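Here's the structure we're looking at; comments come further down.
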Amino acid sequence: TLVGQVIEALQRDEKPLPALCVAGDLTQSATEKEFRAAEAELLRLREAMKILPASTLVIPGNHDVDWNEQAFEKRLDRFRLFAQRITGRSIEPSLADEVSINSSDISVRLLGLNSCELDSQELAGVGAVAPNAWPSLPHDSSFDCTIGVLHHNPLAVTLREPDAFDPTKKRPPVFAN
């Protein structure tokens, strides 16, 4: 399996991993069965690499959203439960989460942000960080470095024009409100 290959490669490196970050699309269609399978593989990886739940960060991808759920606020319920089982933490409604790594050499803050806020069946694959997620992340100057972990772009981008990101074109991409 892919996880088996990752474990083998990391064990050959012989350097311990301080944290595990997974940036979404753990499932294909956000079913409980898929989340349980992803959980089994992540637990296997975490155990093999001796990574604690407190050092594990998972954020959702657009495939981790239950599009069959009509109530918007419930679409990520299965992901929230999965993330709580993996990390041992209750995940905020904005799905912002963080992990701190401290060693004698460096201190790093990993910030995971839900970037599936704009995902909908009409905007399939287009995402952005929820506006309420940014204020929930206070500045902390005690870290040497802060790394943001996202699945989508930090800004909402619509692809109304097929060449929106073509560097040879003079016009910028169109950003959603």
Side-chain angles (χ1 to χ4, degrees), residues 1-30 34-66 75-119 125-130 132-157:
T1 67
L2 178 60
V3 168
Q5 293 172 349
V6 169
I7 290 170
E8 284 179 31
L10 292 171
Q11 287 173 336
R12 280 194 305 269
D13 192 24
E14 297 181 9
K15 293 179 184 173
L17 288 181
L20 174 63
C21 296
V22 182
D25 282 356
L26 293 144
T27 69
Q28 179 61 35
S29 49
E34 291 173 328
F35 278 117
R36 291 291 179 177
E39 180 179 354
E41 290 297 292
L42 285 179
L43 291 174
R44 183 174 150 224
L45 176 60
R46 210 177 62 203
E47 183 178 310
M49 303 316 302
K50 297 176 179 54
I51 298 170
L52 299 172
S55 298
T56 304
L57 180 74
V58 292
I59 59 170
N62 51 301
H63 286 273
D64 302 320
V65 177
D66 182 0
R75 288 183 179 167
L76 285 161
D77 281 357
R78 286 192 196 119
F79 176 83
R80 281 189 190 93
L81 292 172
F82 161 81
Q84 187 169 6
R85 291 191 306 265
I86 292 293
T87 67
R89 295 184 301 280
S90 188
I91 305 298
E92 296 178 32
S94 66
L95 293 168
D97 195 16
E98 69 179 278
V99 167
S100 300
I101 303 168
N102 295 295
S103 72
S104 58
D105 299 324
I106 192 168
S107 64
V108 177
R109 181 183 189 204
L110 301 173
L111 295 177
L113 294 169
N114 173 22
S115 61
C116 297
E117 181 68 15
L118 293 183
D119 266 321
V126 177
V129 175
N132 64 340
W134 296 109
S136 69
L137 301 168
H139 175 71
D140 189 337
S141 59
S142 66
F143 291 96
D144 297 316
C145 177
T146 298
I147 299 171
V149 181
L150 303 112
H151 179 74
H152 286 107
N153 298 320
L155 299 174
V157 178

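Just so it is clear, the model here is predicted, and its values are computed rather than measured.
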So, Asp64 side chain and Leu26 main chain: donor-acceptor pair closer than 3.5 Å or not? yes

To the nearest 0.5 Å, how far apart are OG1 in Thr27 and CZ in Arg78? 9.5 Å

Distance col, row Asp144:CG vs Asp105:CG, nearest 0.5 angstrom, shows 9.5 Å

Do Phe143 and Asn102 have side-chain heavy atoms sitting under 4.5 Å apart? yes

Take His63 and His151 through the test side chain to side chain contact (heavy atoms under 4.5 Å, CB included) and record every step on the way to the result. CA-CA 11 Å; His63 286 273; His151 179 74; 5.8 Å; no

Is Val3 close to Ile7 at the side-chain level, that is, under 4.5 Å between some pair of heavy atoms? yes

Okay, side chain of Thr87, backbone of Ala83: is any donor-acceptor separation there less than 3.5 Å? yes

Determine the minimum heavy-atom distance between Ile101 and Ala19, stating which atoms define it. CD1-CB, 3.6 Å

Could you measure the distance from the CD1 atom of Ile86 to the OG1 atom of Thr56? Nearest 0.5 Å is fine. 7.5 Å

So, taking the atom named CZ in Phe82 and the one named CG in Leu76, what distance separates them when rounded to the nearest 0.5 Å? 12.5 Å

Heavy-atom check, side chain of Phe79 versus side chain of Asp66, under 4.5 Å: no

Out of curiosity, Ile59 CD1 to Leu111 CG, how far, rounded to the nearest 0.5 Å? 10.5 Å

Any heavy-atom pair between the side chains of Arg89 and Pro53 that's under 4.5 Å? no

Examine distances only and state if a side-chain atom of Arg46 and a backbone atom of Ile51 form a donor-acceptor pair shorter than 3.5 Å. yes

For the side chain of Glu34 and the backbone of Ala30, is there at least one donor-acceptor N/O pair under 3.5 Å apart? yes

How far apart are the closest heavy atoms of Ser142 and Ser107, and which atoms are they? O-OG, 3.4 Å

Starting at CG of Leu17, measure out to CE of Met49 and round the result to the nearest 0.5 Å. 4.5 Å

Minimum heavy-atom separation for Cys21 and Leu110, please, with both atom names. SG-CD1, 3.3 Å

Just by modelled atom types, is the Arg109 backbone N or O under 3.5 Å from a matching donor or acceptor in the Glu98 side chain? no

